[in-house]
There are 2 protein chains.
Amino acid sequence: MYSGVVPKLWNETIEAHRRAVRDATLDTAAALLAEHGLASVTMSRIAKKTGIGRATLYKYFSGVEAILLAWHERQITGHLEYLAEIRDRAGGAGERLEAVLEAYALISYKHHGTELAALVHRGDHIARAQKQLNDFIRDLLTEGAETGALRDDVAPDELASYCLHALTAASSLPSEAAVRRLVTVTLTGLHPRAD
Amino acid sequence: MYSGVVPKLWNETIEAHRRAVRDATLDTAAALLAEHGLASVTMSRIAKKTGIGRATLYKYFSGVEAILLAWHERQITGHLEYLAEIRDRAGGAGERLEAVLEAYALISYKHHGTELAALVHRGDHIARAQKQLNDFIRDLLTEGAETGALRDDVAPDELASYCLHALTAASSLPSEAAVRRLVTVTLTGLHPRAD
DNA sequence: TTTGACATCGACACATTGTCTCGTTAAACT
DNA sequence: AGTTTAACGAGACAATGTGTCGATGTCAAA
């Protein structure tokens, strides 16, 4: 990915062009963030690296915060689509859960930087985005609860939060094998106590 | 806490005065971060709110990043001391682990904003700080492993990482009772599988 | 009292931000 | 083809933050 220059001429319709510029902007911002840190994510640098004028950039986004926010939203949406695909592919309820949790852990494992932008922001946008993920996992858990493999002393909502946070540990693990072990451990926490 | 003005004249020894200014600066930075977000944490505002000149502030810290870094380090150190105290108070190995994990979860539950600063930074300072916490928990786990209550299919180091991340879910929980349930669930993940 | 060391603050030069205007250029319409 | 519409880039602008010097004042020791 070249995070490259937007074609100077408008490709098809205006709408498509604006979408292209918008996406290129988000790519550039993400590249800057990953490469040179948060302090380097400025409107000036984003505009220059994207290949558009700084004034033009302000026509698309109100500021750095809005850009990072939009980027985060795009990330979350993409992850949710991917996870939904994984969910619908797997067969039984138990396998579904395991497959989705492993997929989520691998996402955390691969792009380490995804969750950084969430913290620049103070608003409830990220809270809402996180809630989407939480609800997604929660529904998967309640589905699995019917089979009886799930503990019933803690609400599915809290268990979903537990899952998501526990799996973020994947971002600091050294190997995919370790990620799989993490998923196993996390799943164990979901089972009813033996005693 | 007023994050207040430093006395204009040196109180006792110079050393003590510098320490006081330094601490007040860190308090101010934390207050600004929690109250007005990361963008408001600037050298100008910190200096004004602390009650010292901006140029003076540069004699203490090289920039905003250094301030947030120092603050994070102070937080981690304080937490470690507190957790060590909890550990040494409890009796058996199992109780120790549970008490420490609950204490850590309650820390996450109370001051939500602690971990924000860690992400502004790209350096390995936070990695080292996090490693301290990880080692602390890991040692506790290996101690508990001797009693046999711990699973042996995953290395203690990875289990410690799992614990710390899972317990950060406490920061988004609604009540202390929920935090205690989270600790229970997390502990379950540490036990050997029943099957 | 004098001297040295140190903390403090005001001021300067420079960079970035967000906003505005203006002339240019390409798409869309008739 | 000719006209209208709209996005674009460049420059100017005040406002704010940054990093650095030099001047001023205070303490402690000679």
Side-chain angles (χ1 to χ4, degrees), chain A residues 4-26 28-29 32-33 35-71 117 120-123, chain B residues 3-29 31-33 35-71 117 120-122:
Chain A
V5 174
V6 171
K8 238 180 164 57
L9 300 198
W10 306 337
N11 274 343
E12 317 174 8
T13 147
I14 295 183
E15 187 69 27
H17 170 73
R18 283 191 67 89
R19 174 91 32 124
V21 172
R22 190 188 141 92
D23 281 344
T25 300
L26 298 187
T28 301
L32 279 175
L33 181 62
E35 202 171 338
H36 303 289
L38 180 60
S40 75
V41 186
T42 76
M43 296 296 274
S44 303
R45 293 189 67 164
I46 293 173
K48 182 173 295 183
K49 187 169 173 123
T50 310
I52 64 177
R54 193 171 64 92
T56 305
L57 183 53
Y58 277 98
K59 303 246 173 162
Y60 284 82
F61 297 98
S62 64
V64 175
E65 201 164 298
I67 294 180
L68 289 177
L69 180 64
W71 173 71
V120 184
H121 225 63
R122 180 148 253 63
Chain B
S3 88
V5 175
V6 171
K8 245 189 161 52
L9 297 198
W10 307 334
N11 274 344
E12 317 172 9
T13 148
I14 295 183
E15 186 70 26
H17 170 73
R18 283 191 67 89
R19 175 91 33 121
V21 172
R22 189 188 141 94
D23 281 343
T25 300
L26 298 187
D27 291 342
T28 301
L32 279 175
L33 180 63
E35 202 171 338
H36 303 288
L38 180 61
S40 76
V41 185
T42 75
M43 297 295 275
S44 303
R45 293 190 67 164
I46 293 173
K48 182 174 297 184
K49 187 168 175 126
T50 309
I52 63 177
R54 196 172 60 87
T56 306
L57 185 52
Y58 277 98
K59 300 262 179 172
Y60 284 82
F61 298 99
S62 63
V64 175
E65 201 163 299
I67 294 180
L68 289 177
L69 179 64
W71 173 70
V120 183
H121 226 65
R122 188 143 241 68

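Just the heavy atoms: all of them, side chains too, but no hydrogens, waters or symmetry mates, feed the values below. Labels below follow one simple rule: chain letters A, B, ... track the order of the sequence lines, proteins then strands, and each chain is numbered from 1.
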Closest approach of A/Phe61 and A/Ala70, non-hydrogen atoms and distance?
CE2-CB, 3.9 Å
Which atom pairs link the protein and nucleotides 15-18 of chain D when you take only N or O atoms and keep those under 3.5 Å?
unit_1	atom_1	unit_2	atom_2	d
D/dT18	OP2	B/Met43	N	3.2
D/dT18	OP2	B/Ser44	N	3.3
D/dT18	OP2	B/Ser44	OG	3.4
D/dT18	O4	B/Arg54	NH2	3.4

Using a cut-off of 4.0 Å on non-hydrogen atoms, how would the nucleic acid contact of B/Lys59 be classed: base, sugar-phosphate, or nothing?
base
Which angle, rounded to 10°, do you find between the first-five-pair axis and the last-five-pair axis of the helix from C/dT1-D/dA30 to C/dT30-D/dA1?
10°
What integer distance in Å separates A/Glu65:CD from C/dT16:P?
20 Å
Can you list the residues that meet the side chain to side chain contact (heavy atoms under 4.5 Å, CB included) rule with B/Arg19, with sequence neighbours excluded?
B/Glu15, B/Asp23
Compare side-chain N and O positions of A/Thr56 against OP1 and OP2 of D/dG9 and report whether any pair is under 4.0 Å apart.
yes
Work out which heavy atom in A/Ala29 is nearest to a heavy atom in A/Val41; give both atom names and the distance.
O-CG2, 4.2 Å
With heavy atoms under 4.0 Å as the rule, sort A/Tyr60 into base, sugar-phosphate or nothing.
sugar-phosphate
What integer distance in Å separates B/Ile52:CD1 from C/dA7:C1'?
10 Å
For atom CZ of B/Arg18 and atom P of C/dA5, their distance in whole Å:
16 Å
Correct closest heavy-atom pair for B/Arg22 and B/Tyr60 would be N-CE2, 4.4 Å
For DNA chain C, whose closest nucleotide is more 5', that of B/Ala55 or that of A/Ala55?
B/Ala55
Before giving the answer on side-chain contact (heavy atoms from CB on, under 4.5 Å), spell out for A/Ile67 and A/Ile46 the whole-Å C-alpha distance, their side-chain angles and the decisive distance to 0.1 Å.
CA-CA 10 Å; A/Ile67 294 180; A/Ile46 293 173; 3.8 Å; yes
Would you sort out whether A/Leu38 and A/Leu68 count as a side-chain contact (heavy atoms from CB on, under 4.5 Å), showing the intermediate values?
CA-CA 10 Å; A/Leu38 180 60; A/Leu68 289 177; 4.0 Å; yes
Any idea which heavy atoms bring A/Gly37 and A/Ser40 closest together, and the distance?
O-OG, 2.8 Å
Among residues at least two apart in sequence or on other chains, which ones pass side chain to side chain contact (heavy atoms under 4.5 Å, CB included) with A/Thr42?
A/Ser44, A/Arg45
OP1 or OP2 of C/dT8 less than 4.0 angstrom from a side-chain nitrogen or oxygen of B/His17, does that happen here?
yes
Measure across A/Arg18 and A/Lys59 and return the closest heavy-atom pair with its distance rounded to 0.1 Å.
NH2-O, 3.8 Å
